[in-house]
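Each remark here refers to the structure printed beneath this line.
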Amino acid sequence: MYVDYHVHLEEGPYSLRWWTRTAEALLSFRQTAGQKHALEWMEDLSDQMNRRIKQGAYSLVWLDLYRKRAKELGLSHVGIVDHLYRFKEFKPYFEANINLGDDELGRMQKLWLDQVCCTSIDAFVSFIQEQKPIWESDGIDLRLGIEADYFSGGEAVLAPLIRQYPWDHVIGSVHFVGGWGFDNPDTQSRFAETDLRLLYRDVFQTVEEAISSGLFDIIAHLDNLKVFGHRPEEEQLLPYYQRIAQLLRQHDTATEINTGLFYRYPVKEMCPSPSFLRVLREQGVPITTSSDAHFPDHLGSFLPEARKALKAAGYTEIVTFEKRVRREAALQ
């Protein structure tokens with residue numbers, strides 16, 4: 001069974017980079033009129049992009065590109081999620097937990113949050129639910145998920161959210177430490193100013209709290225703090241790996257092998273690392289496969305390599321989800 005349980009439709013900010021990357025995704029599926037780079041070609045591409053922007057991410061036209069890609073790859077399950085910070089209803093949750101102060105980092109993150117927090121959770125949920133029968137007719141199980149940032153004490157906000165909607169799977173993730181969004185390339189200079197051992201300690205402590213909350217079906221990209229290649233000697237991290245693996249097993253919570261850092265970030269390594277993956281397998285932690293795609297042409301990226309890594313670590317099964325019920329499937 002081939003599955004991709006961590007796929008995004010959009011993120012923002014709506015920069016020229018976003019425009020270019022979205023145009024590249026459209027071009028990978030569609031031909032445009034005229035010779036490449038001729039005026040007619042650019043006019044046609046601009047028309048496609050204008051429709052894409054006006055229709056937004058929650059459009060059948062955009063989602064159909066993901067469906068087309070899933071069919072090409074032979075995927076049986078695709079889990080569409082969105083970041084919680086995309087939804088205006090939960091902007092106060094992030095305002096309360098990340099640095100938005102009057103310093104360089106705070107101003108940068110306030111601008112980012114204002115740019116990406118621009119849609120409604122109800123629109124997302126209803127759209128994915130409506131599209132499930134279309135995917136099913138193609139033999140693909142479309143799953144509705146959410147990726148929710150966990151902050152210490154966030155249970156009061158997250159628990160009602162999780163109860164309110166018909167999720168197939170709920171993903172917990174950690175992208176902030178001390179109010180700093182550490183995977184933002186514009187802030188990566190902060191790594192050089194920080195004791196990496198203490199930084200990893202703090203992030204892994206938050207991951208442990210997320211697991212212990214019992215809110216999540218999957219804990220995402222466990223060691224994504226390595227995103228820009230900053231990591232102490234991995235031997236120093238093994239006790240954290242062990243403790244996280246034990247907690248996942250204790251709380252019967254799954255994780256993922258996530259290829260996103262491998263093909264989108266400087267570290268060029270999947271999450272978790274090979275050493276971390278072996279520890280997870282030794283503890284019998286359930287796992288699924290994820291590309292963390294943010295565009296349709298990235299769906300399923302490097303999942304064959306992820307499956308090889310799972311087999312090398314000793315895994316023989318992956319897990320799937322429906323209405324928050326976990327099932328095991330053979331790792332092919």
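Being a predicted model, the structure only gives us computed values, none of them experimental. The residues of the chain are indexed from 1 along the displayed sequence.
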Which pair of heavy atoms, one from E234 and one from F276, lies closest together, and at what distance? OE2-N, 4.5 Å

So, Y85 versus H83, ring centres under 6.0 angstrom or not? yes

Does either side chain, that of D217 or that of H169, offer a donor lying less than 3.5 Å from an acceptor on the other one? no

Could you tell me whether K68 and D64 have a side-chain N and a carboxylate O separated by less than 4.0 Å? no

Partners meeting side-chain hydrogen bond (donor to acceptor under 3.5 Å, both in side chains) with N97 (sequence neighbours left out): none

Sidechain N-carboxylate O distance under 4.0 Å for D141, K132: no

Ring centroids only, cut at 6.0 angstrom: are Y58 and F124 within range, meaning strictly under it? yes

Those residues that, when tested against W180, pass ring-ring contact (aromatic ring centres under 6.0 Å, His included) (two or more places apart): F191

So do D4 and L303 actually touch side chain to side chain, heavy atoms under 4.5 Å? yes

Lys/Arg-Asp/Glu bridge criterion (N-O < 4.0 Å) met for E193, R190: no

For D102, which residues count as a side chain to side chain contact (heavy atoms under 4.5 Å, CB included) partner, sequence neighbours excluded? R107

Do the side chain of S290 and the main chain of D292 share a donor and acceptor less than 3.5 angstrom apart? no

Applying salt bridge (Lys or Arg N to Asp or Glu O under 4.0 Å), can you list everything that pairs with E317, at least two apart in sequence or on another chain? none

For residues 136-156, which residue pairs pass the ring-ring contact (aromatic ring centres under 6.0 Å, His included) check, not counting sequence neighbours? Y93-F151, F94-F151, F151-F176

For R51, side-chain hydrogen bond (donor to acceptor under 3.5 Å, both in side chains) partners two or more places apart: none

Can you get from M1 to V319 by hopping between Ile, Leu, Val, Met, Phe, Trp and Tyr side chains that sit under 4.5 Å apart? yes

Electrostatic pair R69-D297, nearest N-O below 4.0 angstrom: no

